[in-house]
Structure formats: structure tokens, C-alpha cells
K.L.:
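Quick one: the structure is below, and I'll ask about it shortly.
Sequence lines set the chain letters: A, B, ... in the order given, protein chains first and strands last, and positions in each chain run from 1.
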Protein chains: 2
Amino acid sequence: MTKKTTIKDIAKKTGLSTTSVSRVLNGKSEKYRIAEKSKQIIEAAALELNYVANHFASSLKSGKSNTIGLIVPSLSNPFFANIASNINAEVRKYGYTTIIVDSDENVEIEKTVLQQFIARNIEGLIIIPCGKEMEHIKNVYDQGLPLVLLDRYFEELEIPYVSTDNFEGAYMAANLLINHGHKSILCIQGIIDSTPNKLRVKGFKQAMKDAGIENFKVVGDAFSVENGYSETKMMLQNKVRPTAIFTLSNTIAMGCLKALKEENIRIPQDISLITFDDHLYLDFLATPITSIAQPVEAICKIALKNLISNLNEKEKTVKQVILKPEIKYRESISNIKN
Amino acid sequence: MTKKTTIKDIAKKTGLSTTSVSRVLNGKSEKYRIAEKSKQIIEAAALELNYVANHFASSLKSGKSNTIGLIVPSLSNPFFANIASNINAEVRKYGYTTIIVDSDENVEIEKTVLQQFIARNIEGLIIIPCGKEMEHIKNVYDQGLPLVLLDRYFEELEIPYVSTDNFEGAYMAANLLINHGHKSILCIQGIIDSTPNKLRVKGFKQAMKDAGIENFKVVGDAFSVENGYSETKMMLQNKVRPTAIFTLSNTIAMGCLKALKEENIRIPQDISLITFDDHLYLDFLATPITSIAQPVEAICKIALKNLISNLNEKEKTVKQVILKPEIKYRESISNIKN
DNA sequence: AAAATATGCTCAAACGATTGCGCAATTAAA
DNA sequence: TTTAATTGCGCAATCGTTTGAGCATATTTT
């Protein structure tokens, strides 16, 4: 890069001090009584010299970075990509900049990124943790970094989060299957020790219990297409098959669909399917898939409101918000009552 | 945030100078002959005090940020989200950090973000421009910032890019329709003055011309679901309908699908469909949709290789790479020959 | 034993911005 | 006219690192 213009260059050119230049360029000319004329001269010079403030320098001195960090486990998961998009737009409204990083569902990367974020003096953090560990997050929170967990949170921690009522969502889903007469259900889960997964499984099991159904299974271990695919494939090896599948994420559902298609299993004639997470494309599938939709926009809006208020006020309030999911009823569930 | 540990704290604690601390912590203890013992003492202290280097300070002084910036037009578009995910992973391999920003298909935001990136001393830039303006990009490139355009580029500029052969892709798509006997085709395009769009339209028209077909139309103006939806809806008002639709992106296709479904138009019996951009879900649709797949992974890998080599060598080579797309043949095209 | 080399470490000046304090010069009040 | 208040601006320290230059002490070479 060619040498960048600094505040000094402008000072030299205008014959004013760097102090005045800085003040004008930060919109503090009123406060520090810089003459209107000087202001205009400085602004003109800045424009002419194509000045861009060095973020490092200003941030180093002022301690403000005007940046919100966002860590997501995987941008190739439409659910998270969508969240990223929403957060990004929302953050801008508050005058901050988002920097987004993909942790690739890898806790080590997550930790590294977190360090980098701190090194970059981010003012607030929105994070969808991988879900396996929490100490590092707890640490930065305790050190005073305002943050909000999204989607995956930690029940035992006193840290703000915004998520969906995963228990309820799964309970609703399972119940829907039950009400359609299903008595043999396979649940393909995601990351086993993540809170949403645990709660979804819990909700699922509770529904089973309440209905007195014992013929169910919970398998799988990742929120990925591969997991959905392989678990479905394995299930299909058995002579006795469940009548319905409940996938705990849209990626898992995608893998499941792939496996079913390969084996020519029809939905819902041969097997019923319901999944957590909604997506536009679910409507256009061979059989549109019923889903438990999370209120993504609301989650993002609330998370940000929450975060920003913690940024501004000293005393932190630990708001933990759980929003209700909604069933998007489509044609993937057959009624096999009697 | 509670006060962070600085290099000074470590110096104080260990009784050594900040210089030595800095050198040890940067892995330069060999080069500057710091005693092994001192090194260990310093490392232990850093660990104990939970030291994280202030990125602003070091970047300010050294001029290195170790950061690659990525600007995408919309993370809610799976195609771009996928690119972001790939780039992110690839960048990490080279030891850099990516910061991703979503420009929301808004040139003004794109300009602002670019300024912010410069203020943050990014060392390289990967950008999928909105596609409408290029001066600001040309400017930073001329000032020496290594960058690579992805997907959307500018033919007339001497700037590195990696993209797909859009002309060829569209030509192939159109030809496929023609070979199936289609003689009345609707093309729903994206951002009109973006290069990929222009080339796709050109390829489409060339195929029409080569086949002597005059009964075609090119409509639309955005790479969005809404655009696909409304253009399809409008088309459906007419008594005379095309026999095939060619959508120039997967978002447009999604909107198109929505409209077709609402009006109960079947694919491919009532109308055939082919789209640019592939996605896993296209396989599971009511009728799996034939697509022109771009080699996303290769694009990202090459772009990064390109960028990194420009980072390291002084003299820039302007590599402009065009990769071949591939047809993913599925069942969305009916044969209506004769 | 003196000279040369190696070893281990520090000084202090940057990097580019922000900011508390203070000082002229001008204007208003007494 | 003197004093007080206002206006307009600059000095210089500071943020946390990095780094060229240099300085003792210890070791090796002659």
C-alpha cells in the first residue's frame, strides 16, 4: 500500500494542529470550539488527501473499537448463515460494525477466535458456541466483555442468552407425530452435549413418556448433513423400521432426505418426517417437510437489543430469553391412526 | 472489561524488559538470543497473567494485521454463505484471520466497509462486489491493496478475479433446453449490470440466436427470491406461456418455485426449469432441478492462492481465472421435441 | 593478558490517534 | 479602563507494541 494520509499530513497542510484536526474529524468541533472556517478547511483537506482514520491508532488510544464480534459454528449451515445476515444488518442499525468468524464447529478455533476478538478490543460479542465447552466464554464474560449467547447456551451459567424453547419445540414435534398415530419414532440428534440438543431430546422423550410410548430411539451426534445421512442409512438396514423420523436440525434433515431418496423411501407414505429449523426450500421439496420454526429475526433483534443495553449501562442485567417456536405444518406426516 | 495484562506487567513481574518480553512472545527469542531460562520465565508469566497481545498496538507499530477481509453481498444467499465458509477455512490454513462483512447488496455499505477494512489495515481483500460500481475497488487496488474479486468481476479492469465461465454456463443451460425441444423460453436475470449477469444473458441469447429461436424473453433485475417470485407471477398472467424457465441464480429459482407452486404449475410437465448455481436441496425438491454448478471450492482455493502470492511478492501479477461450470442434470426438463 | 567474539539483555523512539490542561486573543461586563 | 468571560487553538503525554542500536558481561581466540 502506498503511504496513507495521517492526521499529521492534514495538520501540516492546513497549518493547524493535529489536535484540531482530530477534533474536527471526530465531529467534536462544537464541543471544543473550533471555528467554522477552520473546520471547513480541515474537512476539505481530509477529503482531498483521501484520509481514512487508522482504526488501530484511534482504538488503541480511545479503547473503543466500535465493533461487535460474531462467532458462528458454520456458515454453510443456512440456519446460521441466516442468523449472521440478520445480526449483521441489525448491528449496523446501532452504528457498530460486525466482524463475523466461522468456528467450523471446532472449540479450539472458537477459543482462538475469542482471543483474537479480545485482542481486537471488540466491544460486544454474540456467539453461537460449538456447545461443548464454556469456560473460555465464562472467562471473558466475567472479565467484563458484554456478550450474548445465541441458540446454544449453557443453562448452568449466569450469562445472557436468547434462544428458542427447545424442549417445547421438540415436545410439540413429537406430539404431532404421536397424534398422527406414530408409535415407533427415530430421533436423530445433533451435538450431544449442547444445550439445545439436550433440551430437544428431553422434550422428545417427555412426549414419548407422556404418551406411554417406549418404542423410540435417539441416535446421532452432530448437526451435520453427514450425520443425518449415515444415521438414516444405518436405520434402513434394519428389518423393522420406525414409522417416523424427527431430525433435530435442518442439516440433519437434509442428510436424512438424501439417504431416504437413495433407498426410494417415500415421505410420508413409507416414513414420516419432521425437523427442527425451518427453511424456505422445505416448502418445495418432493414432500414439503413439517418443521419447528425458530423465530430467527426476533432472536437476533432481541439479542442485539440486549447486548447494546449492556454496552451502554455499567451494571449488567443477565437477561435470558426463551422464545416460542412455531410449527410449520406441511405434508410430511402421514396419519396412521388405527 | 477489567484491565488487561500488558507486556509491561509481564516485564515488571519477571524483572525483564518489555523488549525481551515482546521478543519471546513473538517467537523471536532465538533470533535475539534470549536465554532459554528467561524465555520460560516470560512464557510462564504470560500464561499466569492471562496475557493477550493488543492487536491494535502491535498492528499499529508493525503495520501488519494478519487479516484478510471478505465482503459478500448477502449471507442469506446460500451460494455466498457457502463461499464465505470456504474462504474462512482456507484463509485459516494460511495463518490469517478472515473478517467477513455482509454488504447487503448495497454499494454504499460496500464502500463504507471498504473504508473500515482499510482503517483496519487488512492485508488482503476478497470481495464479491455488489456489481454496480467499481471505482472504489479500483482505487484501493491501485493504492496497493492486494485483492481478488470473486464471482462478480469487472471485465474492463486489470484486477485479479476468479469466476465461472458464465457465458458458457448459460449457453450450456440454454442449449440443454433447446435440445429438449424448447422454443419459448423465459430467462429471469439478476442484477442487470453485473458482469456475471451480463455474460449469462449473453450466453443465453447467443444460444437462442445459434438455434434461430426468437421467442424468448429476459426479465427481472435482482438476485433475490422476491425477484424470481414476482417475475414468475407476472409471466403466469399471460395466456401464452413459455415452455421453459432459466433462472440465473438459486435465489431466483427459489422465488420461481414458490410462484409456480402457488399456481399449481408442475415441473416439468407444465413448464421446465433450469437454474444457475447448485445446492444440495435441489436434489430433494418435488422435481429435482437441473442446475449449472459453479466449482465453489476451486474458486475459493484459487482465489486465496492468488491473493496470498500477491501478499508475499512485491510485483503483482494480475491473474484472471475463469473456471468451467458443470451441468447437474436432474429431472426438471421435459423433452417436448416434435 | 589483550583482543575479538558471543551472549543476554535494555533504551528509547517510533506507530497514529486522542485528550486534559492551559494559554493567547478577542469580546463582554463592570 | 480594568476585569471577567468567551473563543480558538496547541502542547505534550498517552495507549501497548515493536525494533534498531547499543551496552555490559562472559567466553573464546590469539
K.L.:
Without swapping roles, check the side chain of A:Asn26 against the backbone of A:Arg23 for a donor-acceptor pair under 3.5 Å.
P.N.:
no
K.L.:
Apply the test side-chain hydrogen bond (donor to acceptor under 3.5 Å, both in side chains) to residues A:Thr97 and A:Arg92: give CA-CA distance (whole Å), side-chain angles for both, the deciding distance (0.1 Å), then the verdict.
P.N.:
CA-CA 6 Å; A:Thr97 302; A:Arg92 204 191 324 280; over 6 Å; no
K.L.:
Looking only at heavy atoms, which two atoms of A:Ile127 and A:Ile137 are closest? And how far apart?
P.N.:
CD1-CD1, 3.8 Å
K.L.:
Write out all pairs satisfying ring pair (Phe, Tyr, Trp, His ring centres under 6.0 Å) with one or both partners inside residues 35-69 of chain B, taking only residues at least two apart or from two chains.
P.N.:
A:His55-B:Phe56, A:Phe56-B:His55, A:Phe56-B:Phe56
K.L.:
Between N or O atoms, less than 3.5 Å apart, protein on one side and nucleotides 7-11 of chain D on the other: list the pairs.
P.N.:
from   : atom 1 : to      : atom 2 : distance (Å)
D:dG8  : N7     : A:Arg33 : NE     : 3.4
D:dG8  : N7     : A:Arg33 : NH2    : 3.1
D:dG8  : O6     : A:Arg33 : NH2    : 3.4
D:dC9  : OP1    : A:Ser38 : OG     : 2.6
D:dC9  : OP2    : A:Ala35 : N      : 2.6
D:dC9  : OP2    : A:Ser38 : OG     : 3.2
D:dG10 : OP1    : A:Ser17 : N      : 3.3
D:dG10 : OP2    : A:Ser17 : N      : 2.8
D:dG10 : OP2    : A:Ser17 : OG     : 2.7
D:dG10 : OP2    : A:Ser20 : OG     : 2.8
D:dG10 : O6     : A:Arg23 : NH1    : 2.7
D:dC11 : N4     : A:Thr19 : OG1    : 2.7

K.L.:
Output one line per pair: protein atom, nucleotide atom from nucleotides 3-5 of chain D, and distance, for all N/O pairs under 3.5 Å.
P.N.:
none

K.L.:
Does A:Glu105 pair with A:Arg152 as a salt bridge, N-O distance under 4.0 Å?
P.N.:
yes
K.L.:
Is atom CD of B:Glu156 surrounded by more than 12 heavy atoms (other residues, nucleotides or ligands) closer than 6.0 Å?
P.N.:
yes
K.L.:
Between the main-chain N or O of B:Ser65 and the side-chain N or O of B:Glu123, is there a donor-acceptor pair closer than 3.5 Å?
P.N.:
yes
K.L.:
Report the distance from atom CD of B:Glu30 to atom P of C:dT7, rounded to the nearest whole Å.
P.N.:
11 Å
K.L.:
Using atom types as modelled, flag every donor-acceptor pair under 3.5 Å from a side chain in residues 32-42 of chain A to any protein atom, sequence neighbours excluded.
P.N.:
from    : atom 1 : to      : atom 2 : distance (Å)
A:Glu36 : OE2    : A:Gln40 : NE2    : 3.2

K.L.:
Salt bridge (Lys or Arg N to Asp or Glu O under 4.0 Å), that's the test. Do B:Lys13 and B:Glu48 meet it? Break it down for me.
P.N.:
CA-CA 11 Å; B:Lys13 185 179 172 82; B:Glu48 190 186 337; 3.3 Å; yes
K.L.:
Once you round it to whole Å, what is the distance between P of C:dT18 and CG of A:Asn121?
P.N.:
15 Å
K.L.:
Please report the distance, rounded to the nearest Å, between NZ in A:Lys8 and C1' in D:dA12.
P.N.:
12 Å
K.L.:
Starting at atom CG of B:Leu49, determine the distance to atom P of D:dG16, rounded to an integer number of angstrom.
P.N.:
14 Å
K.L.:
Just call it for A:Lys28: base, sugar-phosphate, or nothing, with non-hydrogen atoms closer than 4.0 Å on any strand.
P.N.:
sugar-phosphate
K.L.:
What I want to find out is whether A:Lys138 reaches A:Glu135 closely enough, with some N-O distance under 4.0 Å, to be called a salt bridge.
P.N.:
no
K.L.:
May I have the distance from A:Tyr51 (atom OH) to C:dA17 (atom C1'), rounded to whole angstrom?
P.N.:
7 Å
K.L.:
Between D:dT17 atom C1' and B:Leu25 atom CG, what is the distance in whole Å?
P.N.:
11 Å
K.L.:
Between atom CD1 in A:Ile42 and atom P in C:dT18, what is the gap in whole Å?
P.N.:
12 Å
K.L.:
Should we count NZ of B:Lys305 as having more than 12 external heavy atoms under 6.0 Å?
P.N.:
no
K.L.:
Determine the minimum heavy-atom distance between A:Thr98 and B:Val101, stating which atoms define it.
P.N.:
O-CG2, 3.6 Å
K.L.:
Any side-chain donor paired with an acceptor under 3.5 Å for B:Thr195 and B:Glu155?
P.N.:
no
K.L.:
Roughly what angle, to 10°, lies between the helix axis at the start of the helix from C:dA1-D:dT30 to C:dA30-D:dT1 and the one at its end, five pairs per end?
P.N.:
50°
K.L.:
Short of 4.0 Å, heavy atom to strand atom, which residues of residues 52-63 of chain A count as contacting DNA chain D?
P.N.:
A:Leu60, A:Lys61
